[in-house]
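Below is one structure, written out as structure tokens; the observations come after it.
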Amino acid sequence: MNIPFLDLGRMEASLKHRLKERFSDLIDAGIFSGGKEVEALENSVCDFLKSSFSIPCANGTDALELALRALGIGSGDEVIVPAMTWVSTAEAVVMVGAKPVFWDTDEEGLLRKDWGKAVVSKSKAVIPVHLYGKMVDMKELDEKAKSLGLFVIEDAAQAFGAFQYGRAAGTWGDVGCLSFYPTKNIGALGEAGMCLTQEAELAKKIRLLLNHGQPIRDQHELVGRNSRIDTLQAAFLNVMLKDFKENQQKRKTIAKRYLDAFSGIEELGLPSGILEEDHNAHLFVIQTERRDELKAFLAEHSIGTAIHYPRILPKMKPFFSEGLYKNARSLADRCLSIPLNPFIQPIEVETVVEVIKKFFR
Ligand SMILES: Cc1ncc(COP(=O)(O)O)c(C=O)c1O
């Protein structure tokens, strides 16, 4: 039995059929940029996440860059970024001409609570990342950022559908950024992303920035760019959204099975809070000193795994920064993501459980 980490080709037949139908409708309609599907996506996400504004764009990396630009962050500014995240979080900061200032995470990869110590007069914003789908304590972070006069840009790329005190990931910050990369809990059949904001002025600015600064065709109010979402991707996401809750249920069921099965293994660190509402169970990340050995053992048994992520940003050439980043480093050395997605079958989950138990026996 071959158990891939994630195989998107395994989508249910009924979903494939609905996607193909929507594709065919769009070809007949001949609308490939903007249009009703994009509007429908905006409305559905606003409803579901209880956000005042949702602005679809080309991908999650652009969403971060658009957020930074809309907030006026650029050359000479500093932005606090966790040392452990996907590279986009820091990349976007560099792309607008600002400097990412890295701060260590807690043991599970969320920005350490004492990040305020990194604040200097040049600091303009902080970017909490809801890594693996688990939300940073946003009430606390928001209050601290406000008291320090900083903007908050939430990197909620991995946390679609997680809620804290009834408020969705991405709706706490001045701007929240989502990714609909295909592997995400709700993914397009290509690239797509979104900015969320509760402020009309910011929403307007982001919309302008992602469409060449045009409020209407051929009227350019500022220097922007093209980061529009494809209509096709918006349409696919509208189809995918219908299955989101059911898929989340499947993720939580698998997460619970793993937690129950592995709770007695002392050598193994398990994700905390993964069954809670403020975690969308995007990834099931275990931690062990023998990570590479375990990964190889699972591969020998035809079980796919992934490492999110093997290196921390301040130790990468383009972002090099002095510092220990002890927790982030330890996570990078020890983390292993095991298969958790709506497509894996119960028998496959049991096989993963058995093989991991065998390794630690
Ligand atoms: C934490 C984080 N930030 C940003 C992004 C960027 O999203 P995208 O791949 O859609 O550009 C991702 C997606 O991989 C991510 O995981």
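Order of listing sets the numbers, starting from 1, for every ligand and every atom in it. Since the model is a prediction, treat every value here as computed from it, not as a measurement.
Residues that satisfy the side chain to side chain contact (heavy atoms under 4.5 Å, CB included) test with Lys317, not counting sequence neighbours, are absent from this structure.
A distance-only check finds a donor-acceptor pair linking the side chain of Gln164 to the backbone of Met138 [under 3.5 Å].
Taking atom 3 (N) of ligand 1 as the reference point, the nearest protein heavy-atom neighbour is Asp155 OD2, 2.8 Å. In terms of protein heavy-atom proximity, atom 11 (O) of ligand 1 is nearest to Thr61 OG1, 2.5 Å. The protein heavy-atom contact nearest to atom 16 (O) of ligand 1 is Gln158 NE2, 2.8 Å.
In this structure, of Ala63, Ala157, Gly109, the residue bringing a heavy atom nearest to atom 2 (C) of ligand 1 is Ala157.
For the 3.5 Å distance criterion, the side chains of Glu108 and Ser272 qualify, holding a donor opposite an acceptor. No side-chain donor from either of Asn59 and Glu191 sits under 3.5 Å from a side-chain acceptor of the other.
Note: Phe244 and Phe48 meet the aromatic proximity criterion, with ring centroids under 6.0 Å apart.
Within the 4.0 Å heavy-atom cutoff, Lys184 counts among the residues contacting ligand 1.
Interface of Val129 with ligand 1, defined as ligand atoms under 4.0 Å from a residue heavy atom, comprises 1 (C). Atoms of ligand 1 found under 4.0 Å from any heavy atom of Ser88, numbered from 1 in the order shown, are 4 (C), 5 (C), 6 (C).
Surrounding NE2 of His17 are at most 12 heavy atoms belonging to other residues, nucleotides or ligands under 6.0 Å away.
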